[in-house]
Each structure stands twice: as structure tokens, then as C-alpha cells.
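Notes follow once the structure below has been shown.
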Amino acid sequence: MSHATTRFGRTSLLAIALASASTVVLAQTSTGAPATPADPRETRIEQLESEVRALADEVQELKRGQAAQIQTLSNVQSQPLPAASASIALGHPSISSADGQFTANFHSIMQFDAGQYEQQAAGPITTDLRRDGPALGGTASNVDLTHARHLKDGDIFRRARLGVDGTAYGDWDYRLVLDFGGAGTENTGQVYETWVQYSGLKPVKFRIGAFPPSIGLEDQSAPASLPFLERAVSTDMARNLAAGDTRTAAEVFAAGDHWLASAAVTGRTIGTINTGTAAAVPQTYSDQLGFVGRLAGTPLHGKDWRVHVGVHGSYVDRPADASGPTTAGPTALSSESVSFSNTPELRVDGTKLINTGNIPAKHADSVGAEFAAQKQNLLLQAEYEDFGVQRSDGLADPNFHGYYVLGTWVLTGEARPYNAQAAAFDSPIVAHPFNLSQRAWGALEIALRYSDMDLNYKPGAAGTLQTGSSIRGGDEQNLSAALNWFPNNVVRFMLDYQHVRIDRLSPAATASAASTIWFTPAGAQIGQAYDVFELRSQFAF
């Protein structure tokens, strides 16, 4: 007999036995025979077995869920993660997250300046009265009271900056710049510009931190884009009153394709802290509080031309208090003051040849007008500034004024692009970067500028002492010419020539000051005229 037959037989006998047992149980039930009482232990065992089966079902369900999760994670891990992107456009490197929510644009600017001043040789002190004294902005290290002023030839790193800016999570912008250069000397580095900006309510934006609030056409041109080594004297004067570099500020502004409007509240400049020196009550005195505004745009424009117009101004509501309370008590004059001064339009020598000195002031203000006309590669630009001071010492309120006019012509045909977000002009974009093998020479530009800044207020006649409310800050006139070569969009060489004329009477107010401080007769002419040749090597991205 085969194995299969034997197995079939056993199975049949088992089925017959089970059927017989089932018949007996059904018969007893149907006849109503009493059932044997259940054993409590068997009941408990059945409950435990039921609970175990339920737990087993839950375990199986958890296993199935884990398997599904593992499969999902495996599918995700098998797919490549989106990577950040990096790019370099016109020499400007930047990186961006895969979703574009975070970007970082890296910046650097190096400007190495050299200057040669052409002055008349020093003459006898009885006839050569050019001087640099404390009221002219001199310090213990550069005051020369016994010889005619000799301006320093040499070189400086005018700017040496590293920075990063970009977008953080969509609606937030940021910027951080460190500067290691300087005007006359380099430094170990300082925070030059740092701010955060909310841009989620386009076209309106809100910015807070340290930055130069918008106060003019030349003011908003980036340092690497200026057609001359320095801004005009009048522009610097307007910037330094309540705006300018490293100024702490909060600004709201908006811009479109052909307009810009801005308003800012400003404070001190970074690194300038006014503190008292009294040992008994050491304290910090008030910082300056100012307001800055600008409205500008290009109401007339075409495909390759535009006319820019604008107005701007600033108001110093509370000048900085540099000395604090005095022993004279509440009847003492306010120690708050303002001053106007500037280095001629080159920083190799940092001497300030025009300077009003400190003017006791309740308030100060500036008002400016701007104009520019561009046709292809030809640009004409001008600005006028008027300054006023409300004195706190009861004397007449002085006012000063200045202006500049400049023109640029890019000989190789490129135009200076107009930056609508800043309402200012940038450097030309080089069409054919320098390449000897391809006989490409980059871009070449020539520029001419005349500027005048007058810090005299009722100066009086020559040969007389300064009296009353008169201020002999001096009048500076600069005629500048520039030749700019752009080998590519990050390298630039600039050759400038300046003819500078300073007209200033000695500001000595007493005979003793005239004889012991200035070593000059009362009301003597302490100005001068000189020429200067300047060269800048620039690398910026």
C-alpha cells in the first residue's frame, strides 16, 4: 500500500470520529440533558488565550505600519537631496539655498590710492601765511605753526572692505560689511555697515542698523562706481550732517522703475560715543538725533536717455552733546554744537583746509536739489546744497552753500546704468573685457568736474579780526579731470588731476590769538592754491 493511501485513510478515520462526537453533543443538547459545569480554570485560560490573540493582532498591525514607514524612508533616501546653487554674475559670487529662501552675495572692495601734491615751496613766515591750526582741523601730530603747510605725498588703502548681503527666508534682507582701510591711516577693522531689512510689503521696505541713508544722487553712487576718487566736497558735507557712512538709522523707503521716496531717523556714527570725563559723576551724554528724506526719479525717459530730478534734505533736531553739564549750572550755554569741515577731494593727506569750528547750536539743517541728464554713453550731473544753523548763543544764524557740476563720457560706448532702487548711476558694464589675443581693451571713460563749497558767513574784510557772528570757515574750489580704465567688471584704474584753491581769512578773534596761535596778522589770507595728481588701483566685486 502506498504512503498516499495510508495518509488518506488516517484522515478519513479522523473525520468520522469528529462527526460522531459532534452528533453526540448535538443529541444531548437537543434532548435537554444537563451540561457538565464549566471549570473556572478553563474559563480563565480561554480569557487569557483571547487576550493573547488580541495582542498578537496588534503586534501584527504595528509590524505592517513599521514596514510601510521603512519603505517610505527608503524611497526618500534613495532620491538625491536638492543641493544649494552657486553662481558668479559680472564678477559677483553668490550662493543660494535650493528653495531660494536664503541667499548670500559676497563683496569685496580694495582701493589703493597714491597722490603727489604740487605746492609752492615754503617762504618766510612773515610773507608765506599758509597755516594749519586747531580751528582748521589740525591735531597735535600735524599742526605746523612755524612753516607754510606742506601736504603729505604718499599712498593709502582708501577702502579695504569685506562683506556679505542677501535674503533670509524670503522677505528679510541683510548686509554686513567690515572695513580695514581709512583716510590717512589703515586700521585693524571695524563694523562699517550692518543692517536688517523687511521687504514683504512691496514696494515699501523697512531697514534698521548702520548704513548711509539716502540723501542725494552722488551720495547713493557706490564707492566703486564713482567717476572720481572722492565725492564732491558739498556732497560729503551734506552726508556728514545727519546721514553718511556708519550712521545708525531706521529708514522706510519705496521705489519703482522711475521713482524713489525715502525717510529716515538717524543717530550717531559707529565708533563715535560722547562721554563725560568728570570723575565724580561719569555718564554718557546725548547722541545726535536727526531726520533725512529724499524724493527723486526720472520723470522723462526713453530707450537710451533719461532726465533725473530730485530733492533731499536733513534736519538735526538735537546735536550731539560732547561735553555734558558744566559747573555753571542751568544758566550755562548748551554744549551741543555742530561743525562743518572736509578734506579736499583726496584722502592721501587728511588735512581739513576748510572748517567752521564748533558752532553752538539748537538745530541744523540742509536742503539739496539734484539733476542729471543721460544720453547713451554721455552723462551730465549736478547738485546744490544749502546749510543752516540755529545758534544757541544768541548770535545770528549762519548759512553756507555749495555745489558741483560734472560730466562723463565713456569713449568705448558703454553707458552708466541707472539703478532705480537707489536713484543713482553705477559703473559701466564692460562690453569687451581686456584680452590681448582678441584685441579687446575693456572700457575707457573721461570725466570733468567743478565743485565749490563756501563755509564763510559774513567773514569781514581782510586785515580785521573775526567778530560777532561771522565765521571764516573758508571757500574751497576744485577743478578735477579723470581718466578711468575698466579692464573688466572687477578691476579699475583711475588717474585724476585736481587744481584746488582755498580762500580763507585767519579766524583769530582776538589779537592774542592772532599773535600766539596763528602767527599771522589779523585777517591774513591763510588759504593757498595747489595741484595734485592721483592714481587709484581698484579691485571690487
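Keep in mind that what you see is a predicted model, and the values were worked out from it rather than measured. By convention here, the first residue in the shown sequence is residue 1.
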Checklist entry - Centres of the Phe180 and Phe157 rings: under 6.0 Å? => result no

Checklist outcome for this item: Tightest non-hydrogen contact, residues Pro223 and Gln538, listed as O-OE1, 4.3 Å

Next on the checklist: Within the 4.5 Å heavy-atom criterion, are Thr246 and Phe211 side-chain neighbours or not?
Outcome noted: no

Item to check | Candidate pair Asn358 and Ser339, rule side-chain contact (heavy atoms from CB on, under 4.5 Å), full reasoning | outcome: CA-CA 5 Å; Asn358 290 334; Ser339 65; 3.7 Å; yes

Checklist entry - Does the side-chain hydrogen bond (donor to acceptor under 3.5 Å, both in side chains) test come out yes or no for Gln119 and Asp531, once each step is laid out? => result CA-CA 7 Å; Gln119 298 176 270; Asp531 300 310; over 6 Å; no

Checklist entry - Is a donor on one side and an acceptor on the other found under 3.5 Å between the side chain of Asp155 and the backbone of Asp113? => result no

Next on the checklist: What's the separation between atom CG in Asn240 and atom CD1 in Ile215, rounded to the nearest 0.5 Å?
Outcome noted: 10.0 Å

Please tabulate, for the side chains in residues 428-435, all donor-acceptor contacts under 3.5 angstrom to protein atoms that are two or more places apart in sequence or on a different chain.
residue	atom	partner	partner atom	Å
Asn435	OD1	Ser437	N	3.0
Asn435	OD1	Ser437	OG	2.5
Asn435	OD1	Gln438	N	3.2

Item to check | Shortest non-hydrogen contact from Ser94 toward Asn105 | outcome: CB-OD1, 2.9 Å

Checklist entry - Which side chain to side chain donor-acceptor pair (under 3.5 Å) pairs, counting each pair once, include a residue from residues 217-234, with sequence neighbours left out? => result Arg158-Glu230, Glu218-Thr235, Glu218-Arg449, Asp219-Arg239, Ser225-Ser427

Checklist entry - Under 3.5 Å, is there a donor-acceptor pair linking the side chains of Ser199 and Asp173? => result yes

Checklist entry - Does Ala242 offer a backbone N or O that forms a donor-acceptor pair with the side chain of Thr266 under 3.5 Å? => result yes

Checklist entry - Would Tyr530 and Leu353 count as a side-chain contact (heavy atoms from CB on, under 4.5 Å) if you check the C-alpha gap in whole Å, the side-chain angles of each, and the deciding distance to 0.1 Å? => result CA-CA 12 Å; Tyr530 64 88; Leu353 296 178; 4.0 Å; yes

Next on the checklist: For Leu217 versus Phe371, what's the shortest heavy-atom pair and its separation?
Outcome noted: CD2-O, 4.0 Å

Item to check | Under 3.5 Å: donor-acceptor pair, side chain of Arg247, backbone of Gly267 | outcome: yes

Item to check | Arg472 (side chain) donor-acceptor with Pro459 (main chain) under 3.5 angstrom | outcome: yes

Checklist entry - What closest approach, in Å, do Thr412 and Ala443 show between heavy atoms, and which atom pair accounts for it? => result OG1-CA, 3.2 Å

Checklist entry - What's the verdict on ring-ring contact (aromatic ring centres under 6.0 Å, His included) for Phe533 and Tyr497, showing C-alpha distance, side-chain angles and the deciding distance? => result CA-CA 5 Å; Phe533 295 91; Tyr497 162 79; 5.3 Å; yes

Item to check | Check: Tyr450 ring centre within less than 6.0 Å of Tyr404 ring centre | outcome: no

Item to check | With Thr194 via side-chain hydrogen bond (donor to acceptor under 3.5 Å, both in side chains) - residues at least two apart | outcome: none

Item to check | Distance-minimising heavy-atom pair for Arg492 and Ala224 | outcome: NH1-O, 2.9 Å

Checklist entry - Above 12 or not: heavy atoms from other molecules or residues under 6.0 Å from CH2 of Trp409? => result no

Please report, to 0.1 Å, the donor-acceptor pairs under 3.5 Å made by any side chain of residues 251-263, with sequence neighbours excluded.
residue	atom	partner	partner atom	Å
Glu251	OE2	Ser214	N	3.4
His258	ND1	Thr298	OG1	3.1

Checklist entry - So, do Phe425 and Tyr418 have ring centers that fall under 6.0 Å from each other? => result yes

Next on the checklist: Within this structure, what is the OH-CG distance for the pair Tyr169 and Asp99, rounded to the nearest 0.5 Å?
Outcome noted: 9.0 Å

Checklist entry - Which distance, rounded to the nearest 0.5 Å, do you find between the OG1 of Thr408 and the CG of Leu448? => result 11.0 Å

Checklist entry - Which is it for Arg161 and Tyr192 under the side-chain contact (heavy atoms from CB on, under 4.5 Å) test, yes or no, and what are the steps along the way? => result CA-CA 8 Å; Arg161 298 175 185 169; Tyr192 178 80; 3.0 Å; yes

Checklist entry - To the nearest 0.5 Å, how far apart are CG in Asp153 and CG in Asp349? => result 9.0 Å

Next on the checklist: For the backbone of Pro227 and the side chain of Asn484, can you confirm whether one donor and one acceptor N or O come within less than 3.5 Å of each other?
Outcome noted: yes

Item to check | Closest heavy-atom pair and its distance - Asn355, Leu455 | outcome: N-CD1, 4.1 Å

Item to check | CG on Leu378 to CG on Leu380, rounded to 0.5 Å | outcome: 7.5 Å

Item to check | Contact list for residues 363-374, test side chain to side chain donor-acceptor pair (under 3.5 Å), sequence neighbours left out | outcome: Arg294-Glu370, Arg306-Gln374, His308-Glu370, His312-Glu370, Ser314-Ser366, Tyr315-His363

Checklist entry - Any sub-3.5 Å donor-acceptor pair from Ser537's side-chain atoms to Phe493's backbone N or O? => result no

Checklist entry - Would a line drawn from the ring center of Trp172 to the ring center of Tyr198 be shorter than 6.0 Å? => result yes

Checklist entry - How about Leu162 and Ile109: do any of their side-chain heavy atoms sit closer than 4.5 Å? => result no

Item to check | Contact check, side chains of Ile471 and Pro398, non-hydrogen atoms, under 4.5 Å | outcome: yes

Next on the checklist: Within the 3.5 Å criterion, strictly below it, is a donor on Asp454 or Gln477 matched to an acceptor on the partner's side chain?
Outcome noted: no

Checklist entry - Rounded to the nearest 0.5 Å, how far apart are OH of Tyr403 and CD of Glu385? => result 13.5 Å

Checklist entry - Any donor-acceptor pair under 3.5 Å linking the side chain of Asp179 with the backbone of Gln190? => result no

Next on the checklist: For Val389 and Asn399: C-alpha separation, side-chain torsions, deciding distance, then whether side-chain contact (heavy atoms from CB on, under 4.5 Å) applies.
Outcome noted: CA-CA 6 Å; Val389 179; Asn399 66 285; over 6 Å; no

Checklist entry - side-chain hydrogen bond (donor to acceptor under 3.5 Å, both in side chains) between Glu476 and Asn478: does it pass, once the steps are laid out? => result CA-CA 7 Å; Glu476 178 180 330; Asn478 293 344; 2.9 Å; yes

Checklist entry - Would His401 and Asp386 count as having a side-chain donor-acceptor pair, cut-off 3.5 Å? => result no

Checklist entry - Should Arg175 and Glu193 count as an ion pair when the cut-off is N to O under 4.0 Å? => result yes

Checklist entry - Does the side chain of Ile502 come within less than 4.5 Å of Asp475's, by heavy atoms? => result no

Checklist entry - Got a sec, which residues hit side-chain hydrogen bond (donor to acceptor under 3.5 Å, both in side chains) with Asp236, two or more places apart in sequence or on another chain? => result Arg347

Checklist entry - Would you find a donor on one side and an acceptor on the other, under 3.5 Å apart, between the side chain of Asn488 and the backbone of Val491? => result yes

Checklist entry - Do Asp165 and Leu176 have side-chain heavy atoms sitting under 4.5 Å apart? => result no

Next on the checklist: Whether the side chain of Gln498 engages the backbone of Val500 through a donor-acceptor N/O pair (distance < 3.5 Å, no angle test) should be reported.
Outcome noted: no

Next on the checklist: Taking atom CD as the centre, does Gln116 end up with more than 12 heavy-atom neighbours from other residues, nucleotides or ligands that are less than 6.0 angstrom away?
Outcome noted: yes

Checklist entry - Between Glu534 and Val348, is any pair of side-chain heavy atoms under 4.5 Å apart? => result no

Checklist entry - Are the side chain of Gln111 and the backbone N or O of Arg536 linked by a donor-acceptor pair below 3.5 Å? => result no

